[in-house]
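What follows is a single structure, written as structure tokens, with notes after it.
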Amino acid sequence: MLIHKPADVLPSEITPRSLFERRRDFLARSGAGLVAGAALWHGLPGAARASTRLQSVPSALSTTEPLTERDAVTTYNNFYEFGTDKADPARNAHKMAVRPWTVNVEGLVGKPRRFDIDELLRLAPLEERIYRLRCVEAWSMVVPWVGFPLAALLKEVEPLGSAKYVEFVTHYDPKIMIRDVIDWPYTEGLRLDEAMHPLTLLAVGVYGEVLPNQNGAPLRLVVPWKYGFKSAKSIVTIRLTEKEPATAWNKFAPQEYGFYSNVNPQVRHPRWTQATERRIGELRKRPTQMFNGYADQVASLYQGMDLKKFY
Ligand code: MTE
């Protein structure tokens, strides 16, 4: 069994105490709404991130369920830009160059910024977050991501009062990616309060190492209470908007993929049930939980909404 308990973490993976304490302070603030103008980002020496191994601290927000095998997480993928078969991304995604890479954070913000990915890796307080990932295709995994709260990044750019949504635009290069299936680039979106929620993660690694390309290197979103397709891979732009952004799968088949896409066993996909799922590595089906088991943390975001209508 591969449960990554705090006691299993190698000392070399643990951040020096002084940095850890500053990061803890950072994290405490990042869960508490918008903190305008606060200098929240603290650097780590570049050498600390020189290898493919990432330093991170274990997160209290992790599930203790057994991890899905690493091989499955890195070879059974959806990354349609590299092919529609589950094995295609692991075969083809190496064609994508992930350096140099910049992420623009723009739109309705006080301080738009263009981050070099290595600058982000030095600055961001990395945690290991073990999350359930529930795909709309009714399979699920338990994945040890390494990343930082999206809220921390958004606070750096100071969202304006008029910002209501966050749009994510991903890398698209027709020379190495497929041209049909959906309208590229792949885009996704969240309401600002969903984006600011402490569970919403920007991942840069998995299994303690930098993300393999097929998992969305160098930066991908992870929203554990929503179907997996919300978790956009290989992000290049994060844009704050007033209007709900168009999203790739919603444009493709609006009756099948809504903007919210919260995991909900009571709302069928038009072509199959969402009441059960098969965890990769298991044969049996298990019941799907409301909000993928994160209801205690996120149900309040949707109070008073008809989740059959806003699916
Ligand atoms: N991001 C991009 N750019 N392209 C995609 O095809 N697929 C989504 C999501 N992010 C996708 C994407 C879907 S359907 C799922 S289930 C998850 O990525 C899968 O993430 P994983 O391969 O790391 O498990």
Side-chain angles (χ1 to χ4, degrees), residues 67-96 98 101 103 129-147 150 167-174 176-190 200-207 209-238 245-253 256-258 261-263 269 271-272 274 277-281 288 292:
L67 301 185
T68 300
E69 292 289 339
R70 186 183 187 286
D71 270 4
V73 174
T74 58
T75 61
Y76 188 86
N77 300 106
N78 278 333
F79 199 165
Y80 273 37
E81 289 88 327
F82 291 108
T84 54
D85 190 273
K86 295 284 180 277
D88 286 340
R91 271 199 294 259
N92 300 326
H94 65 91
K95 295 176 195 158
M96 175 172 64
V98 296
W101 192 281
V103 182
R129 292 267 185 101
I130 304 172
Y131 280 161
R132 288 179 287 277
L133 175 91
R134 169 60 159 81
C135 183
V136 74
E137 296 157 353
W139 49 264
S140 62
M141 295 184 178
V142 178
V143 183
W145 303 109
V146 177
L150 172 61
E167 179 181 20
F168 303 88
V169 184
T170 71
H171 178 63
Y172 181 64
D173 178 354
I176 55 161
M177 293 170 166
I178 65 175
R179 289 163 190 261
D180 48 4
V181 187
I182 63 169
D183 255 356
W184 308 105
Y186 193 100
T187 60
E188 256 309 334
L190 295 173
T200 304
L201 197 73
L202 279 174
V204 295
V206 70
Y207 280 93
E209 300 200 334
V210 296
L211 283 174
N213 283 8
Q214 61 268 30
N215 290 95
L219 186 75
R220 58 93 52 90
L221 187 65
V222 185
V223 193
W225 71 95
K226 294 181 180 278
Y227 292 116
F229 68 87
K230 295 300 279 183
S231 294
K233 294 177 168 178
S234 305
I235 293 169
V236 290
T237 303
I238 298 176
T247 61
W249 287 110
N250 182 252
K251 281 195 288 184
F252 176 77
E256 300 195 4
Y257 309 105
S261 297
N262 291 317
V263 174
H269 183 279
R271 290 182 280 137
W272 60 81
Q274 294 291 14
E277 67 200 56
R278 194 176 71 80
R279 183 133 315 159
I280 299 298
T288 286
N292 201 22

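Indexing begins at 1, ligand by ligand and atom by atom, following the structure's order.
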May I ask you to decide if Val263's main-chain N or O and Asn292's side chain share a donor-acceptor pair within less than 3.5 Å?
-> no
What residue and atom, counting heavy atoms only, is the protein's closest point to atom 24 (O) of ligand 1, and at what distance?
-> Leu133 CD2, 3.6 Å
Atom 20 (O) of ligand 1: which protein heavy atom is closest, and how many Å away?
-> Arg220 NH2, 3.1 Å
Is there a side-chain contact between Lys233 and Asn77, using heavy atoms and a 4.5 Å cut-off?
-> yes
Side-chain donor/acceptor of Ser231 to backbone N/O of Val223, under 3.5 Å | yes
Where is the nearest protein heavy atom to atom 6 (O) of ligand 1: which residue, which atom, and how far?
-> Tyr80 N, 2.8 Å
Reference residue His171; test ring-ring contact (aromatic ring centres under 6.0 Å, His included); the match among Phe79, Trp101, Trp184 | Trp101
Nearest protein heavy atom to atom 16 (S) of ligand 1, by residue and atom, and its distance?
-> Cys135 SG, 3.4 Å
Minimum-distance protein heavy atom relative to atom 1 (N) of ligand 1 | Lys233 N, 3.1 Å
Tell me, which protein residue and heavy-atom name are nearest atom 10 (N) of ligand 1, and how many Å apart are they?
-> Ser231 O, 2.8 Å
Decide side chain to side chain contact (heavy atoms under 4.5 Å, CB included) for Glu81 and Tyr186; before the verdict, give the C-alpha distance in whole Å, the side-chain angles of both, and the deciding distance to 0.1 Å.
-> CA-CA 8 Å; Glu81 289 88 327; Tyr186 193 100; 3.4 Å; yes
Report yes if the distance between the aromatic ring centroids of Trp249 and Tyr227 is under 6.0 Å, otherwise no.
-> no
Can you pull out the closest protein heavy atom to atom 3 (N) of ligand 1? Residue, atom name and distance to 0.1 Å, please.
-> Glu81 OE2, 2.8 Å
Do Asn215 and Tyr207 have side-chain heavy atoms sitting under 4.5 Å apart?
-> no
Pair Glu137 + Lys86, salt bridge at N-O below 4.0 Å = yes
Select one of side chain, backbone, both or neither to describe which atoms of Phe79 lie under 4.0 Å from any atom of ligand 1, heavy atoms only.
-> both
Evaluating non-hydrogen atoms only, which member of Phe168, Trp139, Tyr186 is closest to atom 5 (C) of ligand 1?
-> Tyr186
Answer with side chain, backbone, both or neither: which part of Asn78 has a heavy atom less than 4.0 angstrom from an atom of ligand 1?
-> both
Identify, for atom 17 (C) of ligand 1, the protein heavy atom at the shortest distance, and state residue, atom and that distance.
-> Gly228 O, 3.5 Å
Any N/O pair Trp249/ligand 1 closer than 3.5 Å | no
Going by atom types only, do Arg279 and Ser140 share a side-chain donor-acceptor pair under 3.5 Å?
-> yes
Before signing off on this row, confirm whether Trp145 and ligand 1 have an N or O atom pair separated by under 3.5 Å.
-> no
